[in-house]
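Only this structure's heavy atoms are used, side chains among them; waters, hydrogens and symmetry mates stay out. If you read the sequence from its start, that first residue is 1, and numbering goes on from there.
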Amino acid sequence: MSSDREVAIVTGGTRGIGRAIARELAHSGCDVALTFRSDEAHADAARREIETIGRRALVVRSDAADAVQAAAVVTAARDTLGAVRVLVNNAGILRDRVLYSMSEEDWDSVVDTNLKGAFNFCRAAAASMMKQEYGRIINVTSVSALRGLPGQANYAAAKAGLIGFTRSLARELGRFQITVNAVAPGYIQGDMLQTLSARSRQEALEQIPCRRFGSAEEVARLVAFLASPKSGYISGQVFVIDGGLTA
């Protein structure tokens, strides 16, 4: 980042990919507001990590699916840290079920968090970004949006919707010098990958040309570039980071 006044919001920023993104943005010169839903221990650790880097951190308990709570986070970030110039919509959940056993609640909770959550935060942050004529919005989608996986109809639909949302918003906000892009990670080491059985992990590994899983830090470095002034002529794009899985 180019100044001491950069402020970023990272939803779901206290664990896994989100935490790595928040850490990388802090190293790049951002003060960071992080959201979490329930795990206070991880939230406190993430806050201390950002502060150790020498940046300010604000940690807010928030449900991305709730528009009022999303708006409150944006307001708190602005009032505490300064004008929000970067928004990373990373908050997401899984409720994997095959179709015949997927409940309406399984569907709604995933779509509301993973897709509506990004809408809520973008809508809350866009007005100030438009006024300042600058902004970087990065939506974290998934390769599931591009290839689909059994048992992930809800997750794949939400993440695919996020791609369409990204491209539409890029066209709406471009004239205000606000870029909107999406990052689509593949199999990344972390909590979600650990939910797979050893056999499933091995089968997944064999599909990846690079023959390894990615790291959260690799995703974070890509997001940090898209969040920087250097990416000013890149918008409406989906960057797949999957070791060649979808090639």
Side-chain angles (χ1 to χ4, degrees), residues 9-19 21 34-40 42-43 60-74 87-126 137-170 172 180 182-188 190-197 199-201 203-204 207 216 219 238 240 242 245-246:
I9 294 174
V10 182
T11 68
T14 64
R15 300 178 65 109
I17 291 174
R19 184 164 171 177
I21 290 170
L34 316 170
T35 73
F36 74 104
R37 290 186 66 176
S38 59
D39 194 328
E40 292 185 359
H42 276 90
V60 185
R61 185 191 297 271
S62 175
D63 181 355
D66 187 309
V68 173
Q69 292 184 41
V73 171
V74 174
L87 170 63
V88 181
N89 287 302
N90 169 75
I93 61 172
L94 288 170
R95 294 288 186 272
D96 289 0
R97 301 280 193 281
V98 293
L99 183 63
Y100 65 80
S101 65
M102 183 177 290
S103 69
E104 187 174 350
E105 195 278 331
D106 290 332
W107 177 274
D108 289 345
S109 62
V110 169
V111 172
D112 284 350
T113 298
N114 297 12
L115 180 56
K116 184 183 176 185
F119 162 77
N120 287 337
F121 272 91
C122 286
R123 187 173 62 170
I137 297 172
I138 301 97
N139 296 318
V140 180
T141 178
S142 168
V143 294
S144 291
L146 305 174
R147 66 193 300 263
L149 287 173
Q152 286 198 333
N154 51 359
Y155 185 76
K159 292 298 190 178
L162 200 53
I163 291 174
F165 176 68
T166 295
R167 288 176 167 153
S168 293
L169 207 59
E172 287 186 25
V180 189
V183 170
Y187 289 104
I188 304 298
D191 293 345
M192 288 186 177
L193 188 60
Q194 295 308 313
T195 63
L196 298 178
S197 67
R199 179 178 178 179
S200 294
R201 287 198 299 273
E203 290 175 350
Q207 297 178 51
V219 178
V238 180
V240 180
D242 67 356
L245 179 66
T246 55

Step-by-step side-chain contact (heavy atoms from CB on, under 4.5 Å) determination, Leu162 to Asn114: CA-CA 8 Å; Leu162 200 53; Asn114 297 12; over 6 Å; no
Whether [X] side chain and [Y] backbone form a donor-acceptor pair below 3.5 Å:
{"X": "Thr35", "Y": "Gly12", "result": "yes"}
{"X": "Asn90", "Y": "Thr11", "result": "yes"}
{"X": "Asp242", "Y": "Val143", "result": "no"}
{"X": "Arg61", "Y": "Arg37", "result": "yes"}

Between [atom1] of [X] and [atom2] of [Y], what distance do you get to the nearest 0.5 Å?
{"X": "Phe165", "Y": "Ile137", "atom1": "CZ", "atom2": "CD1", "answer": "7.5 Å"}
{"X": "Tyr155", "Y": "Asp96", "atom1": "OH", "atom2": "CG", "answer": "9.0 Å"}
{"X": "Ile138", "Y": "Asn89", "atom1": "CD1", "atom2": "CG", "answer": "9.0 Å"}
{"X": "Asp108", "Y": "Asn154", "atom1": "CG", "atom2": "CG", "answer": "10.0 Å"}
{"X": "Ser109", "Y": "Lys116", "atom1": "OG", "atom2": "NZ", "answer": "12.5 Å"}

Report yes if some heavy atom in the side chain of [X] is under 4.5 Å from a heavy atom in the side chain of [Y]; otherwise report no.
{"X": "Val110", "Y": "Leu94", "answer": "no"}
{"X": "Val140", "Y": "Pro185", "answer": "yes"}
{"X": "Ile163", "Y": "Leu146", "answer": "yes"}

Looking only at heavy atoms, what is the nearest atom pair of [X] and [Y], with distance?
{"X": "Ala64", "Y": "Ala91", "result": "CB-CB, 4.2 Å"}
{"X": "Ala67", "Y": "Arg123", "result": "CB-NH2, 3.8 Å"}
{"X": "Met102", "Y": "Arg97", "result": "CE-O, 3.1 Å"}
{"X": "Val74", "Y": "Ala125", "result": "CG1-CA, 4.1 Å"}
{"X": "Ala71", "Y": "Ala124", "result": "CA-CB, 3.8 Å"}
{"X": "Leu115", "Y": "Gly161", "result": "CD1-C, 3.6 Å"}

Heavy-atom neighbours of Glu104 CD exceed 12 at 6.0 Å: no
Going by atom types only, do Ser103 and Asp106 share a side-chain donor-acceptor pair under 3.5 Å? yes
Which residue pairs pass the side chain to side chain donor-acceptor pair (under 3.5 Å) test with at least one member in residues 159-168, sequence neighbours excluded? Asn139-Thr166
Please enumerate all residues that pass side chain to side chain contact (heavy atoms under 4.5 Å, CB included) together with Ala70, with sequence neighbours excluded. Asn120, Phe121
